[in-house]
Amino acid sequence: MNSKDEKLDQLLTGVQPRAASPGLADRIISAAETIDAGSERSDVIVRKADESESILALIANSLTVFKPAPIMACLLVAGVLSGWYMENGAGLPDQASQQTNRQESSLAVEDELLDFIDYELSML
Amino acid sequence: MALVQRQNHGERHAAFSTLVRRHTDRFYALAYRLLFKQGEAEDVVQEAFLRIWHRPDLWKPEKEVRFTTWFYRIVVNACYDHNKRKSSHGHTSADFEEMETEHSDPEEHRLYSEVEKALIALPERQRVAIALCFYEGLTNKEAAQAMDIKLPALQSLLMRGKDRLKARLGLSEQAEGQSGGQNI
């Protein structure tokens with residue numbers, strides 16, 4: 001330590017803090033007592049808040065967030081399966097059944113037309 | 001401190017009272033050296049003690065070396081918070097005017113007033129490091145624990161703080177032009 005360091009130490013030693021108020025310790029102790037007396041009600045509020053927080057934490061923990069990679073794999077498998085299923089024709093009506101449906105509907109129209117003609121003739 | 005953690009209210013309160021009476025002056029002195037205002041230093045110390053009254057479980061005896069080292073950290077953090085609340089730019093010129101030194105000799109008064117101003121002008125963390133090591137007599141390791149920093153960081157703060165003080169007080173070769181550096 002050189003002389004300048006020693007001089008600095010001397011100067012720093014000479015700086016003393018202003019004394020604290022005489023009753024500072026008592027003030028702190030009585031503040032603790034005062035707060036303690038009024039803290040029962042706030043304790044209930046804090047406990048309730050803690051309970052609701054723990055319920056929320058429980059719900060959050062019970063929720064399972066799936067990882068993206070397995071989800072993508074599952075979707076891919078589901079897509080392949082549905083594609084294969086449709087390719088084999090199980091999912092959609094084939095051409096023959098579509099034609100039958102069209103024929104049935106045209107026959108129904110013709111029936112209605114014939115009924116109408118019969119009605120008109122009976123009125124004559 | 002272990003007594004404050006007891007469930008029995010009477011014992012707990014008695015232990016807290018003992019703790020406060022034993023340590024108030026020491027922690028007030030630190031707070032004063034960080035804030036340089038009597039009223040604010042008293043408020044900060046009260047706030048710190050009430051914190052352990054409410055949450056005695058904050059102190060982990062198995063983790064902390066000493067209660068006082070740990071409580072220095074509480075007081076230092078309370079001072080940081082206080083300064084942050086007060087202003088994001090630290091002390092103002094009004095703080096200088098409110099300061100009072102207790103030296104009867106006018107020459108001494110002027111001299112130590114200059115030293116106080118130099119201390120106030122220090123960046124906050126350098127001031128804390130000097131207060132803990134120089135005034136409170138903590139070892140570098142304890143001061144680093146109290147400031148929650150690594151030992152080399154504390155040593156660097158101390159060195160830069162002392163250099164800055166020497167420059168400001170005209171004790172260094174390069175005293176000229178070094179008094180107004182940037183805050184860390």
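Because only heavy atoms are used, hydrogens play no part in the values below, and waters and symmetry mates are left out as well, while side chains stay in. All chains are named by letter (A, B, ...) in the order of the sequence lines, taking the proteins before the strands, and each is independently numbered beginning at 1.
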Distance, nearest 0.5 Å, that separates CG of Leu24(A) from CG of Asp25(B): 7.5 Å
Side-chain heavy atoms of Leu12(A) within contact of Leu119(B), under 4.5 Å: yes
Minimal non-hydrogen separation, Ala20(A) against Gln38(B), with atom names: C-NE2, 3.8 Å
Leu50(B) CG to Ile29(A) CD1 distance, which is reported to the nearest 0.5 Å: 10.5 Å
Hphob cluster co-occupancy, Leu151(B) + Leu157(B), side-chain heavy atoms under 4.5 angstrom: no
Salt bridge (Lys or Arg N to Asp or Glu O under 4.0 Å): pairs with one or both residues in residues 19-28 of chain A, sequence neighbours excluded: Asp26(A)-Arg21(B), Arg27(A)-Glu42(B), Arg27(A)-Asp43(B)
Tyr32(B) side chain to Gln16(A) backbone, donor-acceptor under 3.5 Å: no
Beyond-backbone contact of Asp5(A) with Lys166(B), side-chain heavy atoms, under 4.5 angstrom: yes
Inter-residue atom distance Asp9(A).CG - Phe134(B).CZ, 0.5 Å rounding: 4.5 Å
Side-chain touch Phe16(B)/Ile28(A), heavy atoms, less than 4.5 angstrom: yes
Smallest separation among heavy atoms of Leu11(A) and Tyr112(B), with atom names: O-CE2, 3.3 Å
Joint hydrophobic cluster, Leu58(B) plus Tyr72(B), side-chain heavy atoms closer than 4.5 Å: yes
